[in-house]
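My questions will all concern the structure given below.
Only this structure's heavy atoms are used, side chains among them; waters, hydrogens and symmetry mates stay out.
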Amino acid sequence: MSAHRASRRIVVYGFLLVIALLVAITGTGLYRIQNLSEDLTEVIQARNGQIALMHTMRGVARERSILLQSMMITDDPFIRDELAIEMSAAAAHYIVAREELLTHDIPAGERRLLEQQHSQTQQTATAQNRIAEYLRDEEYAPAKELLFNIALPGQRRAMAMMDEFININRQKNLDSLNATDRAIKQTYKLMFLLGALGVLFSLIIAQIIHRRISNEITLRLEREAELRHNELRERTIRENIIDGLITLDASGRILTCNNACKTIFGYEHVNLLGKTVNILLPQVLGSEPNSDLSRHLKVWEKRLLGMGREVTGRRLNGESFPAEIDLSKVELDGETVYIVVIRDISEKKAAQQRLQQFNVELERRVEERTEELARTNDKLRHEILERVKVQHELTHLATHDTLTNLPNRSLFNEHLDIALHNAGRHQRTVALLFIDLDGFKSVNDTYGHEAGDRLLQEIGDRMQNCVRREDIVARMGGDEFAVLLGEQQAPTDASMVAHKLISCINKPVELNGQTCHVGASIGIAMFPHSADNTDDLLRLADNAMYTAKSAGKNSFHIHDTDKTVLLRQQDNGSS
């Protein structure tokens, strides 16, 4: 008996050692592969997040460019304002995406690339905002020049840096995939080598088992006794498990059932033996009185064998309940026997129903919350639009004359600075006309300030109709006006405009049933012929206007570029 135990101990320990070795090899390899995969997934997800954010920034930059080009082609100022608002919203989306991107762990080289791209994007955004201002002021020429010379090239450079950032991260993802693939292949090779060693070791164990197999013959009787003991133990377990266990013959009649069947169905054990399974499970076999039970059982076998199914059970008191059954087929002594495991799932179904009701209530609450958030968003959107409208109105009041709605002196000086800067860069000529109304004081004193205000409004409208849309008419104060003419070829061009303005202003004006007449004295200074800066150009145009007024009014005078004449005019002005 001791030799038998020693043989069994050697066999068991040998197999346990082989199994432990193979499990250790497989587990270590799989653990390493899992770690490599998880690390790769984390790295790629992080980089893909950076790539997605950069795609968002790139899409916003492209959207701003498209909106700006849409502003170039539209003539409707309201649509242009809406497009400008959308550009501001797009800029906010860009800032959000960039701030989120900067929270990522980005190497120093890529972070420098992001800083360069952001610097270029800021320069481009500044140019785009200036273009939008030009377009709102209907200055198409400088807007077009700034768009094609500054904004679009800057946009292309910024987007090229974005594409470079995306390509760098994609290449890093590819490198990480290749490195992980190589590591996994090496792990598989090591697992294969160690597995081969394990198989070799198992062959040695098998040889030992073969040598000792003869000793097992003498232990057959003991094993048979052990089998009988196991059978008794299994029967005890079967009788005490909580699931119902029924065995059927080929015709569907009950051969055996455990104690759980009494708990589930209410029948005594002896009352079920020999009955068809339909008494417990009406849906399993056909319910016809002369039904061929074998035929139905074969159909049932094809549909249920090896898989669970939900059916309706029937208790002794006639109550129906939901049940789940598993069917398996065995051969005992040449006879086919079906084993049916039955579970009462009434509580499970009730829990599912409660969960379903909870989900319905949860969905209802989510819908209510979503509607509430939508109403809040609409309210916030309306408040933002109102604030933007008020801001635009305040800006307009700060830069325009409240009486004539023309640009005031501050805004006109700003436009003059920009026009002189652009003209200097592109070697173009700009004309400045300074206008003072002749006879306005007499009208104002005779008919009152209200009539004088109406006269100024009428004169302002006339002057705007006499010049091009890109030219700027401003009220400088009192009865003084100024006109900025861009891209003048010669002083004669400005003279033609001055003649036209005098003709328009000289036309009669109806005030309170009375016909009034006013004239205009116009002084003209040319850039760069007269002066090369804003202050001197305004001063010389004002001097030229006084020269025209001294010469008899209702006329114009162009500043002479001759040094001697300029000095004489300055002396006269001082005297």
Side-chain angles (χ1 to χ4, degrees), residues 77 129-143 145-146 392-425 428-437 440 453 455-488 493-494 497-498 500-502 504-505 520-546 548-549 556-559:
N129 293 335
R130 181 60 61 86
I131 292 170
E133 293 177 1
Y134 283 161
L135 293 175
R136 283 197 294 269
D137 296 333
E138 298 183 350
E139 294 184 38
Y140 299 101
E145 184 70 19
L146 190 57
H392 286 170
E393 292 175 354
L394 291 176
T395 302
H396 183 81
L397 290 174
T399 58
H400 288 73
D401 178 52
T402 56
L403 178 62
T404 62
N405 203 32
L406 294 175
N408 57 18
R409 181 183 292 271
S410 175
L411 181 59
F412 182 78
N413 289 340
E414 182 179 347
H415 283 301
L416 183 58
D417 287 336
I418 296 172
L420 295 187
H421 176 73
N422 292 333
R425 288 187 57 189
R428 296 173 180 169
T429 301
V430 173
L432 172 61
L433 281 67
F434 203 90
I435 305 168
D436 184 79
L437 299 182
F440 172 75
D453 291 343
L455 175 62
L456 290 176
Q457 292 172 348
E458 176 66 21
I459 297 300
D461 292 339
R462 290 182 182 183
M463 287 193 290
Q464 278 191 310
N465 293 330
C466 287
V467 298
R468 300 170 300 180
R469 294 183 63 182
E470 59 267 25
D471 297 331
I472 298 175
V473 179
R475 184 188 179 196
M476 306 299 284
D479 60 346
E480 293 181 341
F481 295 85
V483 178
L484 177 61
L485 305 177
E487 298 187 14
Q488 299 296 302
D493 296 337
V497 176
K500 190 175 180 181
L501 288 171
I502 292 174
C504 290
I505 294 173
S521 296
I522 302 177
I524 304 174
M526 307 294 293
F527 172 88
H529 306 297
S530 300
D532 59 358
N533 61 78
T534 301
D535 294 335
D536 289 343
L537 199 66
L538 283 168
R539 179 176 55 81
L540 295 176
D542 186 57
N543 290 341
M545 182 271 293
Y546 280 110
K549 189 177 287 289
F556 68 90
H557 179 76
I558 302 177
H559 173 261

Legend entry - Close side-chain approach of Q457 to L403, heavy-atom, < 4.5 Å: yes
Legend entry - Modelled atom types, side-chain donor and acceptor of N543 and H557, under 3.5 Å: no
Legend entry - Residue pair N422 / E145, side-chain heavy-atom distance below 4.5 Å: no
Inset, instruction - Mind checking the CG-CZ spacing from L433 to F556? Nearest 0.5 Å is all I need. - result: 9.0 Å
Legend entry - Sub-4.5 Å side-chain heavy-atom contact between N405 and H396: yes
Legend entry - From I505 atom CD1 to R462 atom CZ, the distance as rounded to the nearest 0.5 Å: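 Going from CD1 on I505 over to CZ on R462, the span is 8.5 Å.
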Legend entry - Pairwise side-chain contact, L538 with L416, heavy-atom cut-off 4.5 Å (strictly under): yes
Legend entry - Flag side-chain contact, heavy atom, 4.5 Å: L456 against F481: yes
Inset, instruction - Enter the distance from L437:CG to I522:CD1 here, rounded to the nearest 0.5 Å. - result: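 These two atoms lie 9.5 Å from each other.
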Legend entry - Rounded distance (nearest 0.5 Å) linking atom CD of E139 with atom CG of L484: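 So the gap between those two atoms works out to 8.0 Å.
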Inset, instruction - Can you measure from CG (D453) to OG1 (T404) and round to the nearest 0.5 angstrom? - result: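 Answer for the CG-OG1 pair, D453 versus T404, is 10.0 Å.
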Inset, instruction - Before accepting this row, confirm whether a basic side-chain N of the pair R539/D536 lies closer than 4.0 Å to the acidic partner's carboxylate O. - result: yes
Legend entry - Within 6.0 Å of CZ in R130, more than 12 heavy atoms from elsewhere: no
Legend entry - Separation of H529 NE2 from L540 CG (nearest 0.5 Å):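 Rounded to the nearest 0.5 Å, the CG-NE2 separation comes out at 13.5 Å.
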Inset, instruction - Side-chain contact test, heavy atoms from C-beta onward, threshold under 4.5 Å: evaluate it for I524 versus M526 and give yes or no. - result: yes
Inset, instruction - Side-chain contact test, heavy atoms from C-beta onward, threshold under 4.5 Å: evaluate it for T429 versus F527 and give yes or no. - result: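 A side-chain contact under 4.5 Å is absent here.
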Legend entry - Check: E414 and T399 side chains under 4.5 Å, non-hydrogen atoms: no
